[in-house]
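Naming convention: chains lettered A, B, ... in sequence-line order (proteins, then strands); numbering from 1 in each chain.
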Amino acid sequence: MNKNEAQERADRIRAFREELAQAETEKILVLTPDQGAQLTSYHNRLLDKLAGDFDVDTSGEQKQLSMGMRIISFLGAAAISAAVFFFFYRFWGVISTPMQVALLVAAPVLATLGIEFAKRRERTLYFAAIVGLVAFACFVLNLSMLGQIFNITPSQNAFLVWSAFAFILAYTYGIRILQVAGILSLLGWLAATVGTWKGCYWLSFGERPENFIIAGLAIFGLSFIKHKKHEDFPRYYRVFGLLVVFIAVLILANWGRISYLPFNIKAIEYSYQVIGFAASGLTIWIGIRNHWPGTVNLGSTFFTIFLYTKFYDWWWTWMPKYLFFLVLGLVAVLLLFILKRLRATSREVAP
Amino acid sequence: MKQRGLLTALGLLLLVNVVVLGGVSYNRSGEDAVMTLTERELPVASGYAYQENSGLSLRINTYHSFYWTGKAGNYDEFGWLDSKKLESLGFSFDPRVTSGEKNDYYDRQLPRQTFAVVEFDDAAWTAWKKILEDELASLGQEGQDGKKTDKERESARHGIERELKAGSRLFIVDAGKDPALLRQQHTDRSRYLILPATARVSSWGGYAYPEAKSSIRGHISLLIDEINVPRHLHTLFDGRQPQKGFNKYPPITSEGGPRYEVSLRSGKRYEPWIENIERRQVQ
């Protein structure tokens, strides 16, 4: 059993207890005092074991606190990473080159060892996640500053090694924030590399959103790799991969001039508008079919954005503003009806 | 498993650093160019030596189009970058593209990685100096013709004199994909520096003014345009407030002239570094 499975079990016990209490109140099912005591004792023992082995949340309050702690650990990690950057910039001018190199190499090594240290002292990994993101930031600082100190020609391969480093740590310790760091670095490398296929200089990769469509699809593809140990990781590949694809399509649907396609700009924009609608519809369908709520939400959000963008193009200038917003509101209501219908259909289909 | 992951991450960290530092060592194991430049060519880069950033870098100054109201404003420092040269760098030219389509066709072509030849104090500087001296000479005539007020002429004269006496003598004069071939064409290693760069092509006139004659223009930007100054060479710059000292335009002769001389080298990977910085005698 892994931590996710343990958390699911604890959630089921909590839900079962609430439902049983309700059934007892309504006199549907009343356990004898012995049965009640036996069941409570069994569940308590089980929850203690799960909490002891996996540090799971055993109550609603604990769950809410855990979410708060995750946000705080991310903010803390971002702040400490910024502190490391600014600290180095503030003092690097007063130390010799060998010392600069020694510090730049030592910082990520020590921070990486720090993850193991934090992990051994706290199983929830909040502190390990902070140290992990700091280790990643130190490695980014390491390579970028070596480039600056020795006047090295920039290379996109830095993104590849940063992503490899983040993924190794993410999979070793099960730290999601490092998985996200790895995904973003890999996206940068893939988009830059795709950009160089047409012979352009890699740092211009941001000028052609199509580079990100290919990179995003590649990241989305990673979600199909079986993750026995880290079951929640594919969700992040899916969401980040598709998010990048949709943003790129949205940009091209409104700004065809920056496309690779050698066609008329309006034709490019119309094509990407059609692609945007089709892709968001397909995403909703795939999400419903595979029970991926995050994917469904992403598809719905972008379908609405594509629709609203089109409405803006068509009606903003000639329609009175009150009417324009009324139409948007009515369309939202219509979309709600459609989604509600879909929801009801999936309930009928589900066993 | 955890131990193995940790060791792999540490191994990757160390391996990448070894590769990067090995590359630096390889670059510096040979010299492609050795040059002695001054503050005119290598002024202190902005954003350095401030409270939040104690580092110090020198900027490779190849910028010359300073005076936009005069004839020198029309000077195209990349005039040599014609369509044949741009094609050799990987850009496409289509004779069927009409004047109105030029802007889209050329501006949509992305930058290409290339190598630039940076010339120091030679033919390009002589030609630029001649343009400036001619302009200086014509200022008197423009005053007599009433084309410029005394104040405008004084301002122009000041700008031209400053460029002549304190402006950079570095010019990008050639570019190509093969640095070894460029070195064969520009053999003087104390006068020609080869640096990694990017080339871009653009069109002006055609898009906004379809009836006007379109022109295609190339542009080269250095990829390494700032060079780090190692700590042991900071002495000259220590104790000075950047905004009052070295971040300003280099002083002209009457103000003492350039304050330092830099021994610049570039290596096997065409990456430059500063070997030494010496204070110049005030003239």
Side-chain angles (χ1 to χ4, degrees), chain A residues 86 88-97 99-101 104-105 108-109 112-113 115-116 119 135 138-139 142-143 145-154 157-158 161-162 164-166 168-173 195-196 198-205 207-208 229 257-260 262 265, chain B residues 1-6 8-17 19-21 23-25 27-28 48-49 51-57 90-91 104-105 107-114 195-200 223-224 226-232 234 237-238 266 269-274:
Chain A
F86 284 111
F88 191 82
Y89 268 101
R90 180 128 185 161
F91 296 108
W92 74 299
V94 296
I95 50 179
S96 66
T97 306
M99 187 58 82
Q100 288 172 348
V101 173
L104 288 169
V105 177
V109 169
T112 306
L113 291 170
I115 306 172
E116 179 66 22
K119 201 257 164 197
C138 285
F139 190 32
N142 173 206
L143 292 192
M145 286 311 296
L146 285 184
Q148 211 167 318
I149 291 167
F150 296 112
N151 316 305
I152 299 170
T153 313
N157 292 334
V161 291
W162 288 330
F165 179 71
I168 291 169
L169 292 177
Y171 278 91
T172 303
Y173 294 99
T196 60
K198 284 277 284 177
C200 86
Y201 177 53
W202 77 269
L203 261 175
S204 311
F205 69 97
E207 295 183 38
R208 290 289 177 273
K229 197 175 168 197
R257 196 165 187 274
I258 56 172
S259 167
Y260 276 121
I265 290 169
Chain B
M1 168 61 194
K2 287 222 169 6
Q3 290 295 331
R4 207 170 58 190
L6 179 68
T8 311
L10 290 172
L12 177 71
L13 265 177
L14 296 174
L15 179 70
V16 170
N17 275 281
V19 170
V20 171
L21 294 173
V24 172
S25 173
N27 178 55
R28 296 190 182 188
Y48 287 89
Q51 205 173 21
E52 288 296 341
N53 184 357
S54 58
L56 182 69
S57 284
F91 294 102
D104 270 343
Y105 183 80
D107 287 8
R108 282 172 74 178
Q109 294 195 37
L110 291 172
R112 305 265 157 178
Q113 183 155 8
T114 183
L195 292 172
T198 57
R200 194 179 254 286
L223 275 178
I224 301 168
E226 288 184 6
I227 309 174
N228 177 50
V229 181
R231 172 68 199 133
H232 69 277
H234 277 209
F237 306 91
D238 280 348
S266 80
R269 295 200 312 192
Y270 305 97
E271 289 165 352
W273 73 94
I274 293 171

Between [X] and [Y], which heavy-atom pair has the shortest distance, and what is it?
X      : Y      : result
A:G93  : B:S54  : N-OG, 2.7 Å
A:I168 : B:G5   : CG2-O, 3.3 Å
A:R208 : B:Q109 : NH2-N, 4.4 Å
B:P272 : A:N151 : O-ND2, 2.9 Å

Which one of [options] has the most heavy-atom pairs closer than 4.5 Å to chain A?
options                       : result
B:N27, B:L15, B:L21, B:V229   : B:L21
B:T8, B:I274, B:I227, B:V20   : B:I227
B:A9, B:P230, B:G90           : B:A9
B:L110, B:V16, B:L195, B:L223 : B:L110

- Query: A:W92 vs A:F88 aromatic rings, parallel, tilted or perpendicular, using cut-offs 30° and 60°?
  - Reply: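 Parallel.
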Quick one: of [options], who has the most non-hydrogen atom pairs under 4.5 Å with chain B?
options                        : answer
A:I265, A:V94, A:V161          : A:V94
A:I258, A:N142, A:I115, A:T97  : A:N142
A:V109, A:L104, A:V101, A:L203 : A:V109
A:N157, A:L169, A:I95          : A:I95

- Message: Test of understanding: with ring-ring contact (aromatic ring centres under 6.0 Å, His included), list the residues that count as partners of A:F86, not counting sequence neighbours.
- Response: none
- Query: Got a second to check how far A:Y201's OH is from A:T196's OG1, nearest 0.5 Å?
  - Reply: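 The distance works out to 11.5 Å.
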- Message: Using heavy-atom distances under 4.5 Å, tell me whether A:I152 contacts chain B through its side chain, its backbone, both, or neither.
- Response: both
